[in-house]
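The block underneath contains the structure these notes are about, expressed in structure tokens.
Numbered from 1 within each chain, the chains take letters A, B, ... in sequence-line order. Computed from a predicted structure; not experimentally measured.
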Protein chains: 2
Amino acid sequence: MSDLGKGRGTRSTTGGRPALRKGPAQRGLTDVSLDRVVEGDCIELLRGLPAGSVDLVFADPPYNLQLGGELLRPNNSRVDGVEDAWDRFDDFASYDRFTRDWLAAARDALSDDGSLWVIGSYHNIFRVGAILQDLGFWILNDVIWRKSNPMPNFRGKRFTNAHETLIWAAKSKDSRYVFNYESMKALNDDLQMRSDWTLPLCTGGERLKDAEGRKVHATQKPEALLWRVLLAASNPGQLVVDPFFGSGTTGAVAKRLGRRWLGFEREADYAAAARKRIARVQPLGPEELETIRPRRAEPRIPFGWLVERGLIEPGTQLFDPSRRWTAKVRADGSLISSEHRGSIHQVGAAVQGAPACNGWTFWHLDVEGRAVPIDLLRQKLRAEMH
Amino acid sequence: MSDLGKGRGTRSTTGGRPALRKGPAQRGLTDVSLDRVVEGDCIELLRGLPAGSVDLVFADPPYNLQLGGELLRPNNSRVDGVEDAWDRFDDFASYDRFTRDWLAAARDALSDDGSLWVIGSYHNIFRVGAILQDLGFWILNDVIWRKSNPMPNFRGKRFTNAHETLIWAAKSKDSRYVFNYESMKALNDDLQMRSDWTLPLCTGGERLKDAEGRKVHATQKPEALLWRVLLAASNPGQLVVDPFFGSGTTGAVAKRLGRRWLGFEREADYAAAARKRIARVQPLGPEELETIRPRRAEPRIPFGWLVERGLIEPGTQLFDPSRRWTAKVRADGSLISSEHRGSIHQVGAAVQGAPACNGWTFWHLDVEGRAVPIDLLRQKLRAEMH
DNA sequence: ACCCAGTTTGAATCTGCAC
DNA sequence: AGTGCAGATTCAAACTGGG
């Protein structure tokens, strides 16, 4: 694991400074303490992590369903079921305290460019979202998990509750968070991935059962959901922490996708089931893990290099797709049109009267009667340079 | 209007005691004060309503978007964002105060069995939802408006923000709120209506424009959305109040559906446009309240979903029927061949040197020695997703 | 009347590195 | 922290105009 935090284990959206990014191992976490389920209170355990050591948090906290009174105080004592408005306020207040505590601890553990996902339902997600914002998290998206096979509303008193909500938030407004745009686009047939994801509930062979055939965990999340989350917002080698580990879906998918992971779980039974489950997971090899490389991450090639390398001759006439404007290439890689001179981008913007222009895709040259974007020459040069 | 609050104007879900339910006229509101747009501050106007006089509140409050500078599309055209003064707040605390004030006033105005809808985005909806709960409202559903034609994310930095969230809440836990289960089921091809509604944005002839062709209101809601809300949660003759009336969609649909209505609006321009709009609306006759059934399209299944769902493993070798070309599946659903990488369609086209290719029928995989087109897996998945 | 190609537009927290 | 600039980035629908 000597390459933790290097290579693919870095942000893919910028391409800059990959060697400078620290992996978990450089941030006070050793191999032996990673890829494990730790039993205990998630708030204490989160507080025990080195500040800034975590790249991604995925959290599936208790939903505070006001049905069975399964509500826990920060000290893990159980709150009794309550009826009237005063007690309900007490109820929410205690849920809010708990939420604030674990979110604040998670925020401290996150690196500056790390991000956090929380999943919830209308019972708790509004409180979680508001507290997130109060703590300085910067919401990037709310994402809807649209269940293709939800439980119907048996009594016919409400709409079928057919979705859950995920919030994706960066540590701060200025964060340079990881978003693997191209991978998400690839996953969605070359269309931008939207904020609504249609996925089925976790059923069938994926659902963990005990010896008597009872489900091990009441709210086991489908692996497809975590697949999308981890692929979108982390890179191989980065550290993913799940403070409410449960049946270990986050760990199973993290292992498969080559991410480092840590799971916190209070209940020994869940922890044991998760360990057993994850031990069976086969990690993908580097080739399968390789995804579409974002153009932003490709090495920068100045236009002048094409001239220098003889891929384009000084004096060559360039034109835009509509052939309304032309410009000539000069020896230093600058362009000159009838009224403007400067870089391919500057002249492209100037002739159009636009505020900006990507000269690589705007300017074309004539190759045997066909208009070819100069970006094609750049790709050729890149291939030559490996 | 002597039958206000009787007959159809009663809850349909219980069937009990219809004659005892009061209509607006019995609760201190006269005909002359109804079905009107009132200009002024919504909090004061809500406070001025007799307690318990309102059957349904629909609210589309400012979202507090906190937009930065200007945003350009890839073609350099400028996005016409929400820059109106009414959407600007100093900070979360002042937005929260505003929200608490209008929600508290709305709650007092609501009858005990009345309910409230609020629409918002991730910028504000979590704060609204938490405050709702703090005030004693009882959330019945959160409903997702899934936009069929959302604005893309132009910079590729996030998921396409393709939905908005509505919260539907009763005045209290014990409320006997109106829910027209059968109407909703009928609207949905005799299936229970789910909590996610797919509807297009308000465009075309429905969108109000001024003399210069500019949109009258930055955020006009589609009538189809209000149609569903009013049909679900109110009965003819009941009173619907919209404290952020804007372009008057709530009033237009309420009039058409035979509901009484009241709209509060601070801006005189909006109020005038709404009055003009609603004057043109023809109320439906009792028999016409039958609705058009929405058409259901076959769901699109991107190839990546097969990978995500475990129907095809990353690393799987694909080949064409003639077995001249092969390619490998990667974790994000893209393919890689010896010379090309991209979507199933792109790589299929590239290896053949063809301009286009249907990857679904071109690529096959080996199942027990037999070549099976990947389209078969798609059909399998589609069947699982209805 | 229809078709096709090009243009416009929508509640948007929308760049990142070098100097 | 501020400035300059390379260069990356869009989907569904409705509308417009010419043939």
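- The aromatic rings of B/Tyr95 and B/Phe89 stand perpendicular to each other, their planes meeting at an angle above 60°, with 30° marking the opposite boundary.
- In DNA chain D, consecutive stretches of 3 or more Watson-Crick or G-U wobble pairs with both distances under 3.5 Å are given as paired ranges: C:2-10 with D:11-19, C:15-19 with D:2-6.
- Residues from residues 201-219 of chain B that place a heavy atom under 4.0 Å from any atom of DNA chain D, listed by number: B/Thr203, B/Gly204, B/Gly205.
- Across all strands shown, B/Ser148 has heavy atoms under 4.0 Å from sugar-phosphate atoms exclusively, and none from any base.
- Nucleic acid contact class of A/Gly342 (heavy atoms, under 4.0 Å, all strands): none.
- Using a 90° window around 0 for the glycosidic torsion, C/dT13 falls inside it and is classed as syn.
- The base of D/dT10 lies outside donor-acceptor range of the side chain of B/Arg155, with no N or O pair under 3.5 Å.
- Put simply, B/Phe154 does not rest on the base of C/dC14: the two rings are not both less than 5.5 Å apart at their centres and under 30° in tilt.
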(request) Give the C-alpha distance, both sets of side-chain angles, the deciding distance and a yes or no for side chain to side chain donor-acceptor pair (under 3.5 Å) between A/Ser334 and A/Arg330. (result) CA-CA 5 Å; A/Ser334 65; A/Arg330 302 197 289 184; 3.1 Å; yes
(request) Start with the C-alpha gap between B/Leu208 and B/His217, add the side-chain angles, then the distance that decides, and say whether side chain to side chain contact (heavy atoms under 4.5 Å, CB included) holds. (result) CA-CA 7 Å; B/Leu208 297 188; B/His217 195 283; over 6 Å; no
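- Contact annotation: A/Tyr181 reaches the phosphate of D/dT10 (side-chain N/O to OP1 or OP2, under 4.0 Å).
- Within the nucleic acid shown, A/Ser343 comes within 4.0 Å of sugar-phosphate atoms alone, with no base atom in reach, counting heavy atoms only.
- Using a 4.0 Å heavy-atom cutoff across all strands shown, A/Arg378 reaches sugar-phosphate atoms only and no base atom.
- Among the protein residues, B/Pro61 comes within range of the nucleic acid bases, having at least one heavy atom under 4.0 Å from a base atom.
- Put simply, A/Arg300 has a side-chain N or O that comes within less than 4.0 Å of OP1 or OP2 on D/dG7.
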